[in-house]
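Read through the structure below, which is laid out as structure tokens, and then see the notes.
Numbered from 1 within each chain, the chains take letters A, B, ... in sequence-line order.
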2 protein chains.
Amino acid sequence: MRKTSIKDIALKANVSIATVSYVLNGTRNVRPETHKRVTEAIEELNYKPNDIAKSLKRNRTNTIGVIAEDVTVFNAPDIIDGINDFGDRHDLHILLVNLRLDKRIGRNFGDTEAYRKYAANAVSELLSKQVDGIIYIGVHTRDLTGLIDAEGIPIVYTYGYTQNDISIQYNDEQASYEAMSYLVRKGHSRIAIISGLMDSIPSRQRLKGYYKAVTDFELPFDPLLIKMGDWERESGYRLTAELLALPEPPTAILSMNDVMVVGVLQAADECGVSIPGELSVIGFDDREFSDYLRPRITTMGLPLHEMGYQAIEALYHLINGNKVQTLVMPECRLIERDSVGVAQ
Amino acid sequence: MRKTSIKDIALKANVSIATVSYVLNGTRNVRPETHKRVTEAIEELNYKPNDIAKSLKRNRTNTIGVIAEDVTVFNAPDIIDGINDFGDRHDLHILLVNLRLDKRIGRNFGDTEAYRKYAANAVSELLSKQVDGIIYIGVHTRDLTGLIDAEGIPIVYTYGYTQNDISIQYNDEQASYEAMSYLVRKGHSRIAIISGLMDSIPSRQRLKGYYKAVTDFELPFDPLLIKMGDWERESGYRLTAELLALPEPPTAILSMNDVMVVGVLQAADECGVSIPGELSVIGFDDREFSDYLRPRITTMGLPLHEMGYQAIEALYHLINGNKVQTLVMPECRLIERDSVGVAQ
DNA sequence: CTGTTAGCGCATTCAT
DNA sequence: ATGAATGCGCTAACAG
């Protein structure tokens, strides 16, 4: 048997289908008595509205497409959670497309052509599904200009950006500045930094925050304390060994992610340097494991949930033709644990 | 201006809308010349099909609803990735609903009433969106009978089950048996086990595997080596301390998850027992951090991707009215790292 | 090989 | 306060 439609309701309640539609949507005043008859019929027939038909008629689906470059990468789940948070409150549904880039092309993001077709496909599917807008979640922050063409429907990027569209990023400069401030408050002045790959915007922004702190707090500036890492554990290990071999080693290290901190810990251990006794470390990302290492790692937590929330919020305004109010950049938050000690 | 529809194509190509539909879907033979005219018109007008209209007509959306109890919990992303894997190959789209249970109700899963309304809402939304089927991903394996009513549309559970529906689980008993075999091969015979909460099915199944191994390999059976943990780090710590204080301590510990291993490591460290020198440990889950701890943790990896894949595969068959062939239970895989040594 | 047409379930305009 | 009728874009049955 067919599913029950408003036609069945109308029949049962002895009204027109228009009236049913009106009580369903509250679009027009309906006499209480009629209203009651309709409501009862709906109840009795266990009627469930068909959003597909509604969408076709209204030319609006209340569904947004979320393209994640890879859902298994650590930033995605919390961003999606933020999107859901707002979506729940505003009756917006999520059509999720997972590009699975990590599995399909590994880390080779420079080669845009390798995944352009996946991205284009995703957009195409979403467009066919008539989504009201799109959110694109990158695996790491980079310029995505020209990757896809949203064909005029609203789009917002996060963990990535283009030259023409809205994107949500957290404040990298502020984050590293705040990390530095914390270290300074703990009495450190000879502070080293291990960066991520320098072709990355966050790396550059964070370095900027580092310099600003060095200037503001009048710390000794020593180029030997600035090390270029590559986000991987091994570089943390290698560069820390170099740092510790310096005639005058740093008393603290700011690492641009938690993964490299794993290498820092290992190098310190092998050099017989205790953390946080003789060397302090502060990481970035607040990865789950940073709470499981010994010592537990103090780190700058990323506002992932908030980024997702802001992204869909911005998209929501775009969809409704409202001006997107200038949002404040979400900020990282210091997660204080045990890897930073006071300098003697 | 309105989006272009097949009507526009028909007009431009001088054919009927039916013909356009036929070339679009390959549903019927079309004269090559006509075909070409249509294809060109499609190209020129940059036509994009409207799946909403198609779905309404066909009464089929090619979309499945995925209800995740919490996407930020570690098992969800890989399961979803497996779902996407199959979905990509079979033109199935994913409407994702995130119950956000961890944030909304914490770990209090016993109190079904606390989240029944969230779950019911999710199903209701999905039903309105006319999904062809539903996959339910729990945060941990338990009986979900009666939680939701899918109103007759196909549903498959994973990381959870009901008494009436299909569910995909990995083989817990085999997994712990395999872990034990590995330990035995490494020369261990006095092997302790730290379980999860005993109201959990996986805990019981794994204990079964443990007993089977004890029997098969004729290991000394000592009730003192069996400890009931609660999945949390602290219990791993506490129980390991107890184990090490035994007159005859074990030479190896099988921990039912990696988080408790963190506690094991700490306790061993504080007791001056070296791992893997004097004590071996094997965990469960292959959490990312198990590669970052020192020593790197040997652990049983969960077949999450495969579970997602099997779940949607089963659902696909259900939707198409095919018999779901009896699937083989996906199995855990040993990830060999550095926390297990040979017993002297 | 191609065209005509009904209708999927619903919101909405125009009547009354 | 309510109803009749139209059409959103598309597929498929029917007709030729």
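- Between B:Glu33 and B:Arg37 a salt bridge is recorded (basic side-chain N to carboxylate O distance below 4.0 Å).
- Residue pairs meeting the salt bridge (charged side-chain N to carboxylate O under 4.0 Å, His left out) criterion with at least one member in residues 144-162 of chain A, sequence neighbours excluded, are A:Glu151-B:Lys48.
- Every salt bridge (Lys or Arg N to Asp or Glu O under 4.0 Å) that A:Asp102 has, sequence neighbours left out, goes to A:Arg107.
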Study note, to complete from the structure: Scoring nucleotides 4-10 of chain D by protein non-hydrogen atoms under 4.0 Å (B base, S sugar-phosphate only, - none) yields B--BBBB
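- For the helix from C:dC1-D:dG16 to C:dT16-D:dA1, the terminal axes (five pairs an end, C1' atoms, rotation from four pairs onto the next four) enclose an angle of 40°, given to 10 degrees.
- A search for side chain to side chain donor-acceptor pair (under 3.5 Å) contacts involving B:Glu43 returns nothing, not counting sequence neighbours.
- Contact footprint of chain B on DNA chain C: nucleotides with an atom under 4.0 Å from a non-hydrogen protein atom, first to last in 5' to 3' order, C:dC1 to C:dG9.
- For A:Tyr47, there are no ring-ring contact (aromatic ring centres under 6.0 Å, His included) partners, not counting sequence neighbours.
- Judged as a side chain to side chain donor-acceptor pair (under 3.5 Å), and not counting sequence neighbours, the contacts of B:Lys12 are B:Glu44.
- Heavy atoms of A:Thr34 sit under 4.0 angstrom from primed sugar atoms or phosphate atoms, though from no base atom.
- Counting non-hydrogen atoms under 4.0 angstrom, A:Val20 reaches nothing in the nucleic acid.
- Listed by first then second residue, pairs satisfying ring-ring contact (aromatic ring centres under 6.0 Å, His included) with a partner in residues 111-144 of chain B read B:Phe109-B:His140, B:Tyr136-B:Tyr157, not counting sequence neighbours.
- With rounding to whole Å, B:Arg28 atom CZ is found 10 Å from D:dA15 atom C1'.
- Not a single ring-ring contact (aromatic ring centres under 6.0 Å, His included) links A:Tyr22 to another residue, sequence neighbours left out.
- Among residues two or more places apart in sequence or in another chain, the side-chain contact (heavy atoms from CB on, under 4.5 Å) test is passed with A:Lys7 by A:Ser5, A:Ile17.
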Please tabulate, for side-chain N and O atoms in residues 75-83 of chain B, each donor-acceptor pair with protein atoms closer than 3.5 Å (sequence neighbours left out).
{"from": "B:Asn75", "atom 1": "ND2", "to": "B:Gly138", "atom 2": "O", "distance (Å)": "3.3"}
{"from": "B:Asp81", "atom 1": "OD1", "to": "A:Asn98", "atom 2": "ND2", "distance (Å)": "2.8"}
{"from": "B:Asp81", "atom 1": "OD1", "to": "A:Arg100", "atom 2": "NE", "distance (Å)": "3.2"}
{"from": "B:Asp81", "atom 1": "OD2", "to": "A:Arg100", "atom 2": "NE", "distance (Å)": "3.4"}
{"from": "B:Asp81", "atom 1": "OD2", "to": "A:Arg100", "atom 2": "NH2", "distance (Å)": "3.2"}
{"from": "B:Asp81", "atom 1": "OD2", "to": "A:Lys103", "atom 2": "NZ", "distance (Å)": "2.7"}
{"from": "B:Asp81", "atom 1": "OD2", "to": "B:His305", "atom 2": "ND1", "distance (Å)": "3.1"}

